[in-house]
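Working notes for the structure below.
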Amino acid sequence: MRFFLLSLVLAIVPASANPTIVGTIPRKAPPSISAKRAIVVDYMSGRVLYEKNSRERCHVASTQKLLTALCVFDTNVNQSFTITKSDTWVEPTKLGILPGEVYTRRKLVGALLVKSGNDVARALARSVAGSESKFSDVMNRKARSLGMKESNFLNPHGLTATGQYSTARDMAICAREAFKNPAIRGIIKTKGYNFRFSNGRTKYLKNTNRVLKSVNYCNGMKTGTTRASGRCLISSGTLNGRTAIVVVLGATSSTIWRDSERLLRWSLERPAAR
């Protein structure tokens with residue numbers, strides 16, 4: 001059992017990382033969850049604290065927008081670009097950007113992660129790579145560079161596509177990388193804000209992550225829902241000197257928040273790290 005856990009650590013942590021006491025597994029038994037797949041990872045050490053079918057390939061819906069954001073931040077995020085009509089040809093969740101409007105990539109990444117607009121994802125993909133299909137190549141190169149070996153991404157928003165998949169483990173790797181980015185951390189912990197469109201109109205964007213409200217030390221990350229994926233949530237929290245990342249995939253509307261909150265509390269509500 002000890003060798004198995006060590007192999008999981010080495011699979012996720014870069015060779016230069018040094019696991020510390022913050023990565024210890026809680027003494028209390030993990031809670032029972034109903035989601036099909038899940039993983040809990042200590043952010044600092046990368047140690048897997050809990051897993052359930054974490055290597056099983058599946059659809060991950062809008063949680064993959066974290067990878068989209070990482071790819072955008074690899075570019076000049078202050079670059080402005082103009083929205084085209086094709087950017088708006090996507091359903092169902094949309095911010096409501098209009099052809100001819102001009103935004104910086106940075107501004108739209110905020111709306112991407114808080115509101116989860118699919119039109120915003122399309123616009124950012126086109127801005128960075130010229131098209132959704134070319135941007136998928138960018139996503140897959142980024143994923144491979146991070147060690148996400150069981151994933152294949154075909155679009156920037158997570159709408160179901162044949163041949164697109166990831167795993168709870170791979171999405172935990174993605175989430176750890178996203179959490180390293182101070183700008184992304186600032187966005188994903190935002191409970192809501194007023195977005196100003198380039199034509200002057202405003203819209204209040206409410207974060208879709210309910211755990212931000214139910215757990216006071218939760219500080220992100222991203223929701224996702226499609227028929228193929230079920231309800232999905234990547235959540236993070238920091239308490240008593242530890243930060244944990246919880247990935248829950250394939251839950252239902254009645255269980256996603258409970259499963260995520262239980263795992264987050266289990267991993268962090270214990271004596272302080274020393």
Side-chain angles (χ1 to χ4, degrees), residues 58-75 77 79-143 151-166 171 174 178 184 187-188 190 192-193 195-199 201-209 221-234 249 253 256:
C58 62
H59 297 288
V60 299
S62 286
T63 63
Q64 70 188 56
K65 285 174 178 159
L66 286 174
L67 182 61
T68 297
L70 284 172
C71 292
V72 174
F73 270 95
D74 282 342
T75 71
V77 293
Q79 181 172 323
S80 298
F81 68 101
T82 303
I83 304 302
T84 67
K85 186 178 293 186
S86 63
D87 295 334
T88 68
W89 294 344
V90 64
E91 297 289 347
T93 305
K94 301 172 71 169
L95 176 65
I97 50 178
L98 299 173
E101 293 180 340
V102 178
Y103 300 98
T104 63
R105 292 170 180 167
R106 182 185 296 272
K107 183 166 186 175
L108 288 190
V109 167
L112 176 80
L113 296 178
V114 173
K115 178 61 177 176
S116 199
N118 294 330
D119 51 350
V120 171
R122 280 184 64 103
L124 286 167
R126 181 187 56 79
S127 170
V128 170
S131 68
E132 269 197 3
S133 60
K134 291 181 179 178
F135 187 75
S136 69
D137 294 334
V138 176
M139 294 178 73
N140 287 315
R141 285 196 300 271
K142 182 68 174 179
S151 297
N152 187 54
F153 299 99
L154 299 178
N155 61 52
H157 37 65
L159 292 178
T160 304
T162 302
Q164 178 165 259
Y165 56 85
S166 188
M171 291 311 299
C174 176
I184 292 179
I187 294 168
I188 59 178
T190 302
Y193 73 103
F195 180 88
R196 181 175 293 276
F197 293 85
S198 64
N199 64 3
R201 61 197 172 103
T202 61
K203 183 177 184 179
Y204 183 75
L205 305 185
K206 182 180 179 181
N207 199 309
T208 54
N209 181 4
M221 297 184 70
K222 188 71 191 73
T223 58
T225 305
T226 64
R227 289 184 180 179
S229 70
R231 296 299 296 267
C232 304
L233 175 64
I234 300 176
L249 306 176
S253 297
I256 182 61

Considering residues at least two apart in sequence or located in another chain, which fulfil the side chain to side chain donor-acceptor pair (under 3.5 Å) criterion with [X]?
X: T190; result: none
X: T202; result: none
X: T208; result: T223
X: S166; result: S151

Separation between [atom1] of [X] and [atom2] of [Y], rounded to the nearest 0.5 Å:
X: C174; Y: M221; atom1: SG; atom2: CE; value: 7.5 Å
X: F153; Y: N140; atom1: CZ; atom2: CG; value: 7.0 Å
X: N118; Y: L159; atom1: CG; atom2: CG; value: 4.5 Å
X: N209; Y: I256; atom1: CG; atom2: CD1; value: 9.5 Å
X: Y193; Y: K206; atom1: OH; atom2: NZ; value: 15.5 Å
X: I187; Y: L66; atom1: CD1; atom2: CG; value: 10.5 Å

*So F135 and L124, side-chain contact (heavy atoms from CB on, under 4.5 Å) or not? Walk me through it.*
CA-CA 9 Å; F135 187 75; L124 286 167; over 6 Å; no

*asked:* Could you check whether any side-chain N or O of K65 sits under 3.5 Å from a backbone N or O of A121, counting only pairs where one atom can act as donor and the other as acceptor?
replied: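 No, because the side chain of K65 does not come within donor-acceptor range (under 3.5 Å) of the backbone of A121.
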
Kindly indicate whether the side chain of [X], heavy atoms from C-beta on, has any atom under 4.5 Å from the side chain of [Y].
X: I184; Y: L70; answer: yes
X: Y103; Y: V120; answer: no
X: V77; Y: T104; answer: no
X: L98; Y: I83; answer: no

*side-chain hydrogen bond (donor to acceptor under 3.5 Å, both in side chains) with Q64: which of Q164, K222, H157?*
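Answer to the side-chain hydrogen bond (donor to acceptor under 3.5 Å, both in side chains) test with Q64 among Q164, K222, H157: Q164.
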
*According to the salt bridge (charged side-chain N to carboxylate O under 4.0 Å, His left out) rule, which pairs have a member within residues 96-121, sequence neighbours left out?*
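Sorted pair list: E101-R201.
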
_Residue pairs passing the salt bridge (charged side-chain N to carboxylate O under 4.0 Å, His left out) test where at least one lies in residues 130-140, sequence neighbours excluded_ =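 Qualifying pairs, neighbours excluded: R122-E132.
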
By salt bridge (Lys or Arg N to Asp or Glu O under 4.0 Å), which residues pair with [X], not counting sequence neighbours?
X: R126; result: D87
X: D74; result: K142
X: R227; result: none

*Quick one: ring-ring contact (aromatic ring centres under 6.0 Å, His included) partners of F197, sequence neighbours excluded?*
F195

N/O donor to acceptor pairs below 3.5 angstrom from side-chain atoms of residues 90-97, sequence neighbours left out:
| unit_1 | atom_1 | unit_2 | atom_2 | d |
| --- | --- | --- | --- | --- |
| K94 | NZ | T88 | O | 2.8 |

*C232: what forms a side-chain contact (heavy atoms from CB on, under 4.5 Å) with it, not counting sequence neighbours?*
T63, S229, L249

_A161 to H59 - nearest heavy-atom pair and separation_ = O-CE1, 3.7 Å

_Taking every non-hydrogen atom, the tightest pair across A143 and L67_ = CB-CD2, 4.2 Å

